Amino acid sequence: PTYFCAKMAREHGIEVVLAGDGGDEFFGGNERYAKQGVFEHYHRVPALLRNIMEPLVMKFPLGGSIMPLRKAQSYLQQARVPLPDRMETYNFLHRSPLLEIFEPDFLQAVDTERPLELAREAYFRCGSSEMIERMMHLDHKTTMADNDLRKVTRMCEAAGVEVRFPFLDDDLIAFSGQLKPEHKVHKGRLRVLFKDALRGFLPDETITKSKHGFGLPFGIWLNEHGALKQLAEDALISLGKRGIVRPGYLDYLRREHASGHASYYGVMIWVLVELELWLQAN
């Protein structure tokens, strides 16, 4: 999506584009900052009370029919995982045992703990003890430096467009470091000072609008586009022969994708298809 956006700009005669990367990570704009704060409240409950409450809530079968109980169990399951590990609980690689996903020989050849170790190192290296600041610092090192900036700069270069990042101006970054956490995220509000400062300068609909990302509806397209479905299937068959991902796990993804969870499981299928195409090319 980034490439085609830049390509469209170039076709309209635009040679330089401005990217918004950094605004969320330096001024508190990601939804997960507010969401994780909800789970952090649990750790402020006295340990004695937690020790009494947890067995009472968790003794019932998980996923029972009583909605409030299900929500309480889900909350406890997530809250008990410390940050930054909790941020990876939605990762596909953490939702199934690794031995069900990867071949044993492959697992023996890699350090499966290394990704979380790197995340913890960046999270706790932050000079602040505030959860919001630590999450943002982790995003500076991984979401931005390892992913988003590489993606945007390379795709714009491929489209023949120069890209600049106003939110990564040295003075602006230094200013964001002087702000208190509540100036960034406060009681569920995101980009607090940033939005308040621009209220009356920018239209209200700009300040209050919902965030729009650059995600692909790959899982939906996979059901609707024959050529894409064939390309993906060929890639998954090839990947299953490499001794990395278990063919049984690929079958599991296919079944779940076909059973009404196209958008959700399409994400993992997209990742694995891209992995196989990259391996073929390299």
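Just so it is clear, the values below take in all heavy atoms, side chains as well, and ignore hydrogens, waters and symmetry mates. What you see is a predicted model, and the numbers here were worked out from it, not measured in a lab.
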Do Phe92 and Tyr249 make the cut of ring centroids closer than 6.0 angstrom?
-> no
What class does the angle between the rings of Tyr42 and Tyr75 fall in, given that below 30° is parallel, 30 to 60° is tilted and above 60° is perpendicular?
-> perpendicular
Residues 109-119 side chain polar contacts: donor-acceptor under 3.5 Å, at least two apart:
from, atom 1, to, atom 2, distance (Å)
Asp111, OD1, Glu113, N, 3.1

Just checking, is any N or O donor in the side chain of Glu157 or Thr153 under 3.5 Å from an acceptor N or O on the other one?
-> no
One should read off an interatomic distance between Leu253 CG and Met268 CE, to the nearest 0.5 angstrom, of 6.5 Å
Does Glu100 offer a backbone N or O that forms a donor-acceptor pair with the side chain of Arg246 under 3.5 Å?
-> no
Is there a donor-acceptor contact under 3.5 Å linking the side chains of Arg134 and His137?
-> no
For His94 and Tyr90, indicate whether the former's side chain and the latter's backbone hold a donor-acceptor pair under 3.5 Å.
-> no
Show your working on side chain to side chain contact (heavy atoms under 4.5 Å, CB included) between Val192 and His183 and close with a plain yes or no.
-> CA-CA 5 Å; Val192 175; His183 289 153; 5.6 Å; no
Atom CZ of Phe194 and atom CZ of Phe26: how far apart are they, to the nearest 0.5 Å?
-> 13.0 Å
Residue pair Gln73 / Gln77, side-chain donor-acceptor N/O under 3.5 Å = no
For the side chain of Asp139 and the backbone of Met144, is there at least one donor-acceptor N/O pair under 3.5 Å apart?
-> no
Does Val45 offer a backbone N or O that forms a donor-acceptor pair with the side chain of Arg50 under 3.5 Å?
-> yes
Transitive ILVMFWY cluster of Tyr3, excluding itself - 4.5 Å side-chain cut-off = Phe4, Met155
